[in-house]
Number of protein chains: 2
Amino acid sequence: MARPREFDEGAALDAAMQRFWAAGYAATSVRELGQAMGLGQASVYNAFGDKRALFIQCLDRYLDANMRARITRLENSLPPRQAIETFLREIVERSLESRLGCLLANAALEVAPHDQDIADVVAERMEELEAFFRRCVIAGQSDGTISRAANAADTAQLLLTTVMGLRVLARGYPKQAVLEGAVRQALSVLGKPPRRRTPRAPS
Amino acid sequence: MARPREFDEGAALDAAMQRFWAAGYAATSVRELGQAMGLGQASVYNAFGDKRALFIQCLDRYLDANMRARITRLENSLPPRQAIETFLREIVERSLESRLGCLLANAALEVAPHDQDIADVVAERMEELEAFFRRCVIAGQSDGTISRAANAADTAQLLLTTVMGLRVLARGYPKQAVLEGAVRQALSVLGKPPRRRTPRAPS
DNA sequence: GTCATATTGGAGCGGACGCTATATAATATC
DNA sequence: GATATTATATAGCGTCCGCTCCAATATGAC
């Protein structure tokens, strides 16, 4: 009953996401976004609302495509301890490839303190990541691959904090030795990795 | 030989620093800065150069007055393990008081990737904080208050990462239980705190 | 006091900002 | 094919941006 869109909304959102990711919210203009998306400004506003609404859609898309997809993939394909280890190691890999860091961390610092809606999204997703770590720790303690000495909630909170810290370092102090050392030491709180197939929990 | 300044440069820098700290670099205009500093724009440019130069001066001032001063104070007044513990606990306290976070972390995410000079400052100061933690860990291992099981460099890197992560959470997910749990678990890598006055190192 | 120098307030530069109004083009329905 | 509806392109709205010019003002050196 009307003229159809000439562009792929998903691809356009991806392009906008990349700009916000690289340059931040305030430093990215709607004109730049439109250019990156291959759209005129009118189409941007027509399809996605204003700049803030577009940012929220980009943030959601980023989190679904990156964080949540990674959680699902690792949780379904690896035993819990390895899921944690792989999660952190993948972040180090990405951080050494580029200085983009993490759009969630960037948004948490730049936008969340001044925008309640975005703050809610950020908090919700951080909680989601924390919950993933907590599930993994508890499962690992059950199957004997993670020490029962450490409190699961505390460990999950440290892992969340470590991820966010790594993302800051990725943009501001991207030294391989630092990232890898931090991860190595963070993982040490899980206890020594099991050498046998079905090791006993220490206590 | 000329008309003197009518304002206190330090106080003006402090006022500008607060604005950058709270709102970020891009989202703070020179007009706002001048207003907060009690200066006309001409005086701002005359005394501090352009916006970017002013930001760098604010960042330096922030780091000297906060990070470096704290390092010096703790290192001179406390034994090494307590210096680490107090550093982290003070950050948690500050994070629960306000959502300001840390100007260094904010700058690392927002500005460093696009400005080499600022990136250099950021990296330099991160290295400084890392070195503080490393000194403390090594000293604590010498006096027996910190376990020798953990690698000192790795531990310092984890502590640096934890600090940066806490600063992200402060702005985006400021839950007391999360901050405290993360710190508790991060400190656990130092080994159990000594109960006796002069405990032995474990090995 | 005179002069040279530096600071200050205010006006304003050119340009980019977020966003919108309007007019045209393209489609599904009937 | 006429109509209703949406998408696109262009132009432009008012505002704020970083920054500068300029006249007025206030000091130290002589």
Side-chain angles (χ1 to χ4, degrees), chain A residues 1-59 106-107 110-118, chain B residues 1-59 106-107 110-118:
Chain A
M1 204 167 179
R3 175 175 174 178
R5 294 238 158 102
E6 295 179 354
F7 63 94
D8 179 343
E9 298 182 27
L13 270 182
D14 281 336
M17 186 188 82
Q18 289 286 342
R19 299 293 305 147
F20 278 132
W21 195 355
Y25 178 79
T28 305
S29 75
V30 179
R31 283 169 178 83
E32 288 173 28
L33 289 167
Q35 208 159 348
M37 301 161 92
L39 303 181
Q41 285 196 84
S43 294
V44 175
Y45 280 90
N46 178 59
F48 302 104
D50 63 9
K51 182 183 179 184
R52 180 172 165 279
L54 174 58
F55 180 76
I56 293 176
Q57 292 171 72
C58 288
L59 181 58
N106 301 357
E110 186 189 356
V111 193
H114 314 293
D115 188 313
Q116 190 56 51
D117 292 340
I118 293 176
Chain B
M1 204 172 184
R3 176 175 174 178
R5 295 240 159 101
E6 294 179 354
F7 62 95
D8 179 342
E9 300 181 27
L13 270 182
D14 281 336
M17 185 187 83
Q18 289 285 343
R19 299 292 306 146
F20 279 132
W21 195 357
Y25 179 79
T28 306
S29 74
V30 178
R31 282 169 179 82
E32 288 173 27
L33 289 167
Q35 208 158 348
M37 301 161 92
L39 302 181
Q41 286 196 82
S43 295
V44 174
Y45 280 91
N46 177 60
F48 303 105
D50 63 10
K51 182 183 179 182
R52 179 172 166 280
L54 174 58
F55 180 76
I56 293 176
Q57 292 170 74
C58 288
L59 182 57
N106 301 357
E110 187 189 356
V111 193
H114 316 293
D115 188 312
Q116 189 56 51
D117 292 340
I118 293 176

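In what follows, every heavy atom counts, from backbone to side chain, and hydrogens, waters and symmetry copies are set aside. The chains referred to below are lettered A, B, ... by the order of the sequence lines, with proteins before strands, and numbering in each begins at 1. All values derive from a computational prediction rather than experimental measurement.
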Does A:Ser43 put a side-chain nitrogen or oxygen below 4.0 Å from OP1 or OP2 of D:dT8?
yes

Taking only the side-chain nitrogens and oxygens of A:Ser29, find out if one of them lies under 4.0 Å from OP1 or OP2 of C:dC17.
yes

Would you kindly give the CG-to-P distance between B:Asn46 and C:dG10, to the nearest whole Å?
16 Å

Could you check how far CZ of A:Arg5 sits from P of C:dA28, rounded to whole Å?
15 Å

Tell me, do A:Leu13 and A:Leu54 make a side-chain contact under 4.5 Å, heavy atoms counted?
yes

Reading 5' to 3' through nucleotides 19-28 of chain D, protein heavy-atom contacts under 4.0 Å coded B for base, S for sugar-phosphate only, - for none:
BBB---BBBB

Among residues at least two apart in sequence or on other chains, which ones pass side-chain hydrogen bond (donor to acceptor under 3.5 Å, both in side chains) with A:Asn46?
none

Answer yes or no: is there a side-chain heavy-atom contact under 4.5 Å between A:Arg52 and A:Ile56?
yes

Given atom CD of B:Glu32 and atom C1' of C:dC17, what is their separation to the nearest angstrom?
14 Å

Could you check whether the rings of B:Phe20 and B:Tyr25 sit parallel, tilted or perpendicular, using 30° and 60° as the cut-offs?
parallel

Within a strict 4.5 Å, meaning less than it, do heavy atoms of the B:Leu33 and B:Phe48 side chains meet?
no

Closest-nucleotide ordering on DNA chain D, the 5'-leading residue of A:Leu39 and B:Ala27
A:Leu39

Starting from C1' on D:dT8, measure out to CZ on A:Phe48 and report it in whole angstrom.
14 Å

Is there a side-chain contact between A:Met37 and A:Phe7, using heavy atoms and a 4.5 Å cut-off?
no

Could you state the CD-P distance from A:Gln35 to C:dC17, rounded to the nearest angstrom?
10 Å

